[in-house]
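Working notes, structure below.
Computed over heavy atoms, backbone and side chain alike; hydrogens, waters and symmetry mates excluded.
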Amino acid sequence: MPPDTICKTVRQYSSKPVSAEDMAKLLEIAADYGKVKNYVYARYSGIGSLPKLYPGYTVQNEMTAGGLRSQMEMPSVYFYLAVFDALGDIKCQWTRTKTKVLELIAANGNLTNEEKHYLRFLLKVNNAFQAVLNRKPMELPKGIQKQHDALAGQVDSEKLHRYLCRQVRKYHLRQGKIHTDVKDGFSVSERAYRYGDHGIYISIKEKRKRVFVPLTDNNQYASQIYVSLYPQEQRIEIKVPVNVAVRRHEDYDREVGAAFGMYTMLTTDSGCSYGEELGTYQTEYAGWIREQAGSYSRNREANPGRKKYQAKKSRYEERLHSYINQELNRFLREEKPKKVYIAKLPKPGGGGKNKKINQSVSMWQRGYIRSRLGQKCMEQSVELVEVLGKGISTECSECGGAGVRKEGIFSCGSCGYSAEEKINTARNVLKRGVEGKVLR
């Protein structure tokens, strides 16, 4: 059963310019927030601190005893949020390391199935993983210890411990040390703000003092929020996670295959197109970026700053994103799908010889389109499924033979089938989805 609610991010904006004095007070909190995060990164991102990461209260107690908050005179509502925010980033880095090592283990043909099973056990059980990396005795619950002993008895555990240490250290070091240079944003807990007077009051470092920021709407929320500061534009943006009800539609009963494009956003297996003006928007945006880059390089010494550039760049992106969301809504409303199949998008490849085309491709909002489609499908209780994408655009959707693409048209040399390239791809997407050739 799909969930009854899902989390989405809503945004609130300041309605009037924030004074230089108030912005300076908020920027001071943001700078301290970043300093605390970098301190936690430097002190607790190493292998020796692994036992302290879960659940994290050991780090909290050590940070309290260390006296850093008192030295910075930072309110606890910000200090501890920064600590746990940094711990979350460290845990994510370790998760990426474990995922990569699991891939290496699966691809290693020199390991037996028993050895792979034992290594996966070590990666799954945190206490065992920490003990191996820190070369300390394992202290596991009785049932898990019994399972470990049984697995270890089938392999050369010492050899596998050394192998695991090598792989973890090599990949973890390759990711580099975590550090943040962000000094224009911070998280705020419910205790540190309150809504009122058509705006929001945000706590600052002065005791019992708050900064008031008028907002463009009167919506009020009760959750942890994130405040982004734009000092050059004298404004702030507030990001609020909210739970929204999932809509269910009895008449949404179709299975639809969809192909992404840079000029036409989505094409379905039935030949319907959505977002046909996407290419126009993106070409205009890329052209403006290219023009501004050249102008800035030629007049760098006389250039007064980037304030106007950033403001207009934001307007271009907002217009583009607004169009994408509008067309995705239309796609779901008109197609009425219960399941949408899409091909897994490949990683961006190397650039070609044409710089204009390269820049247009680099501005393609495919990641944004994919994430927004996923969000909207969840909101409408539509299942989004990724299918295997290898060779999907050169395969004939009629006979399965290999074809050629030329000037937007696909032609099959085996059966003579011819169609628009994106329609053929969308039909293949649907075909692979129905056949179960999907990514799990």
Side-chain angles (χ1 to χ4, degrees), residues 25-102 122-140 161-162 164-192 203-205 207 224-229 239 241:
K25 293 176 181 178
L26 296 175
L27 285 170
E28 186 179 9
I29 296 172
D32 288 347
Y33 197 91
K35 289 177 184 176
V36 173
K37 289 183 69 174
N38 284 329
Y39 181 88
V40 175
Y41 293 149
R43 185 170 175 181
Y44 296 103
S45 60
I47 289 173
S49 297
L50 266 171
K52 300 177 182 179
L53 298 183
Y54 301 93
Y57 295 113
T58 301
V59 174
Q60 180 183 2
N61 294 336
E62 288 185 4
M63 293 290 289
T64 302
L68 180 63
R69 186 176 77 82
S70 301
Q71 294 173 23
M72 300 177 69
E73 298 181 345
M74 189 176 183
S76 60
V77 287
Y78 297 120
F79 182 81
Y80 292 116
L81 277 180
V83 170
F84 282 100
D85 197 357
L87 285 178
D89 293 337
I90 294 171
K91 292 175 183 178
C92 286
Q93 188 184 44
W94 277 111
T95 298
R96 290 193 295 271
T97 297
K98 288 182 177 182
T99 301
K100 179 63 177 180
V101 174
L102 281 170
L122 295 178
L123 286 162
K124 184 177 180 181
V125 180
N126 283 328
N127 289 351
F129 181 67
Q130 297 161 11
V132 170
L133 294 188
N134 290 291
R135 300 186 183 279
K136 293 183 177 179
M138 290 189 192
E139 297 180 0
L140 305 175
H161 290 179
R162 291 193 296 271
L164 183 61
C165 287
R166 286 196 307 273
Q167 299 304 325
V168 167
R169 291 178 191 277
K170 181 170 66 174
Y171 185 72
H172 203 67
L173 289 174
R174 192 182 300 166
Q175 292 190 72
K177 294 182 178 179
I178 312 179
H179 181 82
T180 180
D181 293 319
V182 175
K183 298 179 180 179
D184 56 2
F186 54 91
S187 296
V188 189
S189 67
E190 293 179 61
R191 293 190 298 135
S203 294
I204 55 177
K205 292 182 72 172
K207 290 185 178 181
Q224 181 176 307
I225 64 175
Y226 187 85
V227 177
S228 295
L229 308 174
K239 298 176 183 178

Distance from Phe84 atom CZ to Met63 atom CE, nearest 0.5 Å? 10.5 Å
To check you understand the geometry: which heavy-atom pair defines the closest contact between Ala30 and Leu229, and what is its length? CB-CD1, 4.1 Å
Under 4.5 Å between any side-chain heavy atoms of Met74 and Leu68, yes or no? no
Which heavy atom of Leu140 sits nearest to which heavy atom of Ala128, and what is that distance? CD2-N, 3.8 Å
Taken to the nearest 0.5 Å, the spacing of Leu26 CG from Ser228 OG works out to 11.5 Å
Check whether any side-chain heavy atom of Glu62 lies under 4.5 Å from a side-chain heavy atom of Lys52, and answer yes or no. yes
Between Lys239 and Val227, is any pair of side-chain heavy atoms under 4.5 Å apart? no
Do Arg69 and Val36 have side chains that get closer than 4.5 Å, going by heavy atoms? no
Which distance, rounded to the nearest 0.5 Å, do you find between the OH of Tyr44 and the CD1 of Ile178? 14.5 Å
Quick one: does any side-chain atom of Tyr171 pair with a main-chain N or O of Arg166 as donor and acceptor, under 3.5 Å? no
Under the side-chain hydrogen bond (donor to acceptor under 3.5 Å, both in side chains) criterion, do Asp89 and Tyr41 qualify, and how do the steps go? CA-CA 9 Å; Asp89 293 337; Tyr41 293 149; 2.4 Å; yes
May I have the step-by-step check of side-chain contact (heavy atoms from CB on, under 4.5 Å) for Asp32 and Phe79, ending in yes or no? CA-CA 8 Å; Asp32 288 347; Phe79 182 81; over 6 Å; no
Looking only at atom types and distance, does a side-chain atom of Arg43 sit under 3.5 Å from a main-chain N or O of Asn38, one as donor and one as acceptor? no
Between Arg135 and His161, does a side-chain contact (heavy atoms from CB on, under 4.5 Å) hold up when you go through it step by step? CA-CA 9 Å; Arg135 300 186 183 279; His161 290 179; 5.9 Å; no
For Gln60, is there any backbone N or O sitting under 3.5 Å from a side-chain donor or acceptor partner on Thr64? yes
Would you find a donor on one side and an acceptor on the other, under 3.5 Å apart, between the side chain of Gln130 and the backbone of Ile47? no
Report the C-alpha separation of Lys170 and Val101 in whole Å, then their side-chain angles, then the decisive distance to 0.1 Å, and conclude whether the side-chain contact (heavy atoms from CB on, under 4.5 Å) test is met. CA-CA 10 Å; Lys170 181 170 66 174; Val101 174; over 6 Å; no
Pairs under 3.5 angstrom only: tabulate donor-acceptor contacts from the side chains of residues 183-192 to other protein residues two or more places apart or in another chain.
unit_1, atom_1, unit_2, atom_2, d
Ser187, OG, Tyr33, OH, 3.4

Could you tell me whether Glu73 and Lys205 have a side-chain N and a carboxylate O separated by less than 4.0 Å? no
Could you measure the distance from the CG atom of Leu122 to the SG atom of Cys165? Nearest 0.5 Å is fine. 9.5 Å
Side-chain contact test, heavy atoms from C-beta onward, threshold under 4.5 Å: evaluate it for Trp94 versus Leu50 and give yes or no. yes
Check the pair Gln175 / Thr97 against side-chain hydrogen bond (donor to acceptor under 3.5 Å, both in side chains), numbers first and verdict last. CA-CA 8 Å; Gln175 292 190 72; Thr97 297; 2.6 Å; yes
Looking only at heavy atoms, the pair that brings Thr180 and Gly34 closest together is CG2-O, 4.0 Å
The test is side-chain contact (heavy atoms from CB on, under 4.5 Å); show your working for Asn127 and Met138 and say whether it passes. CA-CA 7 Å; Asn127 289 351; Met138 290 189 192; over 6 Å; no
Taking the six-membered ring of Phe129, is NZ or CZ of Lys98 closer than 6.0 Å to its centre and within 45° of its axis? yes
Atom NZ of Lys25: over 12 foreign heavy atoms under 6.0 Å: yes
Smallest heavy-atom separation, Ile204 atom then Ile29 atom, equals CA-CD1, 3.6 Å
More than 12 heavy atoms of other groups within 6.0 Å of Lys91 NZ: yes
